[in-house]
Amino acid sequence: MSEKLQKLEDLVSLCKRRGFIFQSSDIYGGLASCYDYGPLGAELKRNVKNAWWKHTVQMRDDMVGLDCSILMHPMVWKASGHVDKFADLVAECKKCHTRTRADHLADAQGNTTEGAKTAEDLIKKICPKCGTTGQFTEPMPFKLMFETQMGANADDSMTVYLRPETAQGIFANYRNVLDSTRVKVPFGIAQIGKSFRNEVTTKAFIFRTREFEQMEIEFFCKPGTEEQWFEKWKEARMSWYTSYGIRPENLRMREHDKDELAHYAKGCVDIEYLFPFGKGDWQELEGIASRTDYDLRQHQRGMRSVTNWIENGRDAVTTPLKAEDADWAKGPLSYFDEETRERYIPYVIEPSAGADRGTLAFLVDAYTVETLENGEERNVFKFHPSLAPIKAAILPLVKKDRMPEKATNLYNDLKKYFPCFYDEKAAIGRRYRRQDEAGTPYCVVIDGQTNDDNTVTVRNRDTMKQDRINIDQVKSYLREKLDM
RNA sequence: GCGGGUGUAGCUCAGUGGUAGAGCGUCACGUUGCCAACGUGAAUGUCGUGGGUUCGAAUCUCAUCACCCGCUCCA
């Protein structure tokens, strides 16, 4: 018998107890929405990222990797739209404390005011929630991007942003990759890295945090072929999750409604996981968007606006983006197809996954409490072997008769090939359970028989069954079982 | 942002004004012969944080921080 995770809290305390995830700045009372990965969590998350990289870069001929800086030219975010989108003014109704975008508030005649900037502008506006007229606070800017100052000398420092997504770094390097790697359309660029967003509301443990890690792909294809690539990526990404152990019944794909789409998007789906927040809730793990040539064309505009930005005191907020060149299709970010002798701006498919969300989903899906025949409970993380923080524990059955020596020798050999753990403390049953809680797939035990015939037992985490094999075969046995 | 709840040992929690506790876990020693064995011993507390009331505060009070649940929001 086994049961699935019911309350997120149970996972949170197990994660703390076993060193997967801690609250950030815990000894100072914590910092909202920030979390740290402990010894086991750091291994797990890195394994998730490695598994993603392996399938999106290593095993594909049409993908290359990238690792760019978090700080970028401020005009990158002007071109991407983030500077303007994130500069919305929001006013709060003093009566009911509902916050609404100032330029969305309407008066009795239904009129809104473009660029409403002060409480005066809102004197006739009606709160959409409680109907109160003109009781608004001074509109405040909603800063969804983290800002910081670049330059130690206060006089000539400028405002730069911590990236709110890794995607724009890919677009900004698209030309460099084309010129340095001999890739040809269709091809994609993958990147893993930290991003930062001042979310209005954070949520549920590491699910929505202000600092988070993304695993993003921009796949460039010829206009007209975007639909087939969109389908291919949807399938590739779904099967990635299930091939690493996510149960299919906990995973689904949700198509965005037409009115949910950005104006430039041709389609968008979310890969969602059934998380145990509250009563159980489908939440986004990854978004896959068909984004046309919008981003590259925007950056062509951005590239032409840099002088204006300098003349404008290096302020991206108040520097308008130059209009698109009439000859944009032949611009600096266009692609020349040697075979067809055509020049065009590639279309883009963007599979964008959250590394922390993914890690959380793998934790939730692997979390199992089993009731054994003797009535006792067993906590076990049934991670896919590739994701398990520790691959094998090496255990002498008892601490005598040269068992620890033999086990240590085996451990010292195996740890060169697999993340291993050696433990000779406490009874064997307890040590098995410790490894179950860490999600270790195999426990290798050196027992009395090892002295007689050089065999050891290998215990399977999920079945608790044992194989007896020769000590010399442990490495190849694990290699095969772990697919490493 | 609003409303509700919680915060005491690593974890789960008891403790309602008078010496800070239990179970589990951890560590040491002994024992050990395959699924959280047993014995003996030990360590670990800014009682989330800061102020106030009081002779005395984990307990009453104010503020604050964090987490959970439900709304709201989600580029």
Side-chain angles (χ1 to χ4, degrees), chain A residues 7-19 22-35 38 77 80-88 90-101 128-130 137 140 142-145 164-165 167 195 197-208 210 260 262 270 276-279 281 283-284 287 352 370 372-380 395-401 403 424-437 443-451 456-461 463-466 468:
Chain A
K7 290 191 319 230
L8 191 61
E9 285 171 275
D10 295 339
L11 180 69
V12 174
S13 60
L14 180 54
C15 281
K16 180 173 187 189
R17 185 156 53 82
R18 293 309 310 260
F22 307 123
Q23 173 86 61
S24 164
S25 313
D26 201 10
I27 61 170
Y28 284 89
L31 179 64
S33 138
C34 295
Y35 291 88
W77 306 110
S80 70
H82 288 84
V83 167
D84 296 335
K85 286 261 176 48
F86 288 10
D88 291 335
V90 173
E92 184 173 314
C93 172
K94 290 175 186 169
K95 269 269 169 61
C96 69
H97 302 289
T98 295
R99 294 179 168 192
T100 314
R101 271 178 63 167
K129 178 76 180 261
C130 67
T137 61
M140 46 201 162
F142 224 78
K143 292 197 171 179
L144 285 173
M145 280 199 289
E165 60 176 34
S195 295
R197 296 178 200 180
N198 267 319
E199 297 288 353
V200 180
T201 322
T202 57
K203 179 169 179 165
F205 200 33
I206 58 170
F207 181 79
R208 181 181 294 147
R210 297 197 170 103
E260 212 178 337
D270 285 345
F277 310 151
K279 303 179 203 100
D281 205 1
Q283 295 285 347
E284 176 187 356
S352 170
E370 284 183 353
L372 302 176
E373 286 174 8
N374 62 9
E376 286 181 356
E377 288 196 336
R378 181 171 86 113
N379 281 339
V380 49
L395 317 168
L397 184 60
V398 287
K399 211 172 6 172
K400 63 180 188 186
D401 296 343
M403 293 180 208
E424 60 178 31
K425 305 278 170 65
I428 189 67
R430 178 187 298 266
R431 282 178 280 165
Y432 282 150
R433 299 305 171 79
R434 281 178 185 153
Q435 295 306 317
D436 288 342
E437 271 195 346
C443 288
V444 182
V445 171
I446 283 71
D447 60 11
Q449 197 178 327
T450 311
N451 285 325
V456 297
T457 59
V458 184
R459 178 252 197 192
N460 180 295
R461 175 195 66 199
T463 63
M464 297 191 282
K465 298 256 167 58
Q466 294 172 319
R468 182 168 280 279

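First the proteins, then the strands, lettered A, B, ... as listed; each starts at 1. In what follows, every heavy atom counts, from backbone to side chain, and hydrogens, waters and symmetry copies are set aside. The shown structure was predicted, so the numbers you read here are calculated from the model rather than taken from an experiment.
When the C1' atom is used for both B:U54 and B:C74, the distance is 49 Å, rounded to whole Å. Only the P atoms considered, B:C13 is 27 Å distant from B:A63, to the nearest whole Å. B:U6 and B:G48 are spaced 13 Å apart, taking the P atom of each and rounding to whole Å. With P as the reference atom, B:C65 and B:U49 are 15 Å apart, rounded to whole Å. The gap from the C1' atom of B:A57 to that of B:C47 amounts to 11 Å, rounded to the nearest Å. Taking atom C1' in both B:G56 and B:C73, one finds a spacing of 48 Å when rounded to whole Å. Taking atom C1' in both B:C2 and B:A58, the straight-line distance is 30 Å, to the nearest Å. Rounded to whole Å, the separation between the P atoms of B:A28 and B:U8 comes to 28 Å.
In this structure, A:Arg17 does not reach the B:C24 phosphate: none of its side-chain N or O atoms is under 4.0 Å from OP1 or OP2. For B:A28, one of the phosphate oxygens OP1 or OP2 lies less than 4.0 angstrom from a side-chain nitrogen or oxygen of A:Lys425. Put simply, A:Lys399 has no side-chain N or O that comes within less than 4.0 Å of OP1 or OP2 on B:U32. For the pair A:Gln23 and B:C67, the criterion of a side-chain N or O lying under 4.0 Å from OP1 or OP2 is met. A sub-4.0 Å separation between OP1 or OP2 of B:G25 and a side-chain N or O of A:Arg430 is present.
Here the nucleotide nearest the side chain of A:Ser13, chosen from B:A36, B:C11, B:C74, is B:C11. With B:C34, B:C69, B:C35 as the choices, the nucleotide that has an atom nearest any side-chain atom of A:Arg459 turns out to be B:C35. Across B:C68, B:C67, B:G33, the shortest atom-to-atom separation from the side chain of A:Ala32 is found for B:C67. Ranking B:G33, B:C35, B:C34 by closeness to the A:Lys400 side chain, first place goes to B:G33. Between B:C73, B:G33, B:A36, one nucleotide has an atom nearer to the side chain of A:Arg208 than all others, and that is B:C73.
The pairing partner recorded for B:A22 is B:U12, the criterion being a Watson-Crick or G-U wobble arrangement whose two distances lie under 3.5 angstrom. Nucleotide B:A66 forms a pair with B:U6, judged by Watson-Crick or G-U wobble geometry with both contacts under 3.5 Å. As the counterpart of B:G30, B:C38 is assigned, both hydrogen-bonding distances of the Watson-Crick or G-U wobble pattern falling under 3.5 Å. Nucleotide B:C71: paired with B:G1 (Watson-Crick or G-U wobble, both distances less than 3.5 Å).
Distance alone, capped at 3.5 Å, is enough to place a donor-acceptor pair between the A:Asn451 side chain and the A:Asp401 backbone. In terms of modelled atom types and a separation under 3.5 Å, the side chain of A:Arg431 and the main chain of A:Ala426 share a donor-acceptor contact. With hydrogens and angles ignored, the 3.5 Å screen pairs no side-chain donor or acceptor of A:Arg210 with any backbone N or O of A:Asn198. Counting only distance, with no hydrogens or angles, the side chain of A:Ser24 and the backbone of A:Leu31 share no donor-acceptor pair below 3.5 Å. In terms of modelled atom types and a separation under 3.5 Å, the side chain of A:Arg430 and the main chain of A:Lys425 share no donor-acceptor contact.
Residue contacts for A:Tyr35: at a heavy-atom cut-off of 4.0 Å it reaches the sugar-phosphate backbone alone, with no base atom in range. Across all strands shown, A:Thr450 has no heavy atoms under 4.0 Å from either base or sugar-phosphate atoms. Residue A:Arg378 is out of contact with every strand shown, counting any heavy-atom pair closer than 4.0 Å. Residue A:Lys16 is in sugar-phosphate contact alone, with no base atom involved, counting any heavy-atom pair closer than 4.0 Å across all strands shown. Heavy atoms of A:Ala427 sit under 4.0 angstrom from at least one base atom. Within the nucleic acid shown, A:Glu437 comes within 4.0 Å of at least one base atom, counting heavy atoms only.
Whole-Å rounding puts the A:Tyr432 OH to B:A37 P distance at 13 Å. Note: CE (A:Met403) to C1' (B:C34) measures 11 Å, nearest angstrom. The separation between A:Leu11 atom CG and B:U12 atom P is 12 Å, rounded to whole Å. Rounded to whole Å, atom P of B:U12 lies 15 Å from atom CZ of A:Arg18. Atom-to-atom, NZ of A:Lys7 to P of B:C13 comes out at 7 Å; the value is rounded to the nearest Å. Rounded to whole Å, the distance from CZ on A:Arg431 to C1' on B:U26 is 16 Å. One can place CD of A:Glu9 at 10 Å from C1' of B:G5, the figure rounded to the nearest angstrom. Here the P atom of nucleotide B:C65 and the CG atom of A:Leu31 are 12 Å apart, to the nearest Å.
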Just the table, please: protein N/O against nucleotides 43-51 of chain B N/O, every pair under 3.5 Å.
from, atom 1, to, atom 2, distance (Å)
B:U46, O4, A:Ile27, O, 2.7

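Here the straight-line distance linking atom CG of A:Leu395 with atom CD1 of A:Ile446 works out to 7.5 Å at 0.5 Å rounding. To the nearest 0.5 angstrom, A:Glu437 atom CD is 10.0 Å from A:Arg433 atom CZ. Separating the OH atom in A:Tyr35 from the CD atom in A:Gln23 is a distance of 5.0 Å, to the nearest 0.5 Å. Summarising the geometry, atom CG belonging to A:Leu8 is positioned 8.5 Å from atom SG belonging to A:Cys15; distances are rounded to the nearest 0.5 Å. How far CG of A:Leu372 is from CE of A:Met464: 4.5 Å, rounded to the nearest 0.5 Å.
The residue among A:Ala426 and A:Phe205 whose nearest nucleotide of RNA chain B is located toward the 5' end is A:Ala426.
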ask   = What's the verdict on side chain to side chain donor-acceptor pair (under 3.5 Å) for A:Gln283 and A:Asp281, showing C-alpha distance, side-chain angles and the deciding distance?
value = CA-CA 6 Å; A:Gln283 295 285 347; A:Asp281 205 1; 2.9 Å; yes
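With hydrogens and angles left out, the side chain of A:Asp436 and the base of B:C35 share no donor-acceptor pair within 3.5 Å. The base of B:C34 lies close enough to the side chain of A:Gln466 for a donor and an acceptor atom to sit less than 3.5 Å apart.
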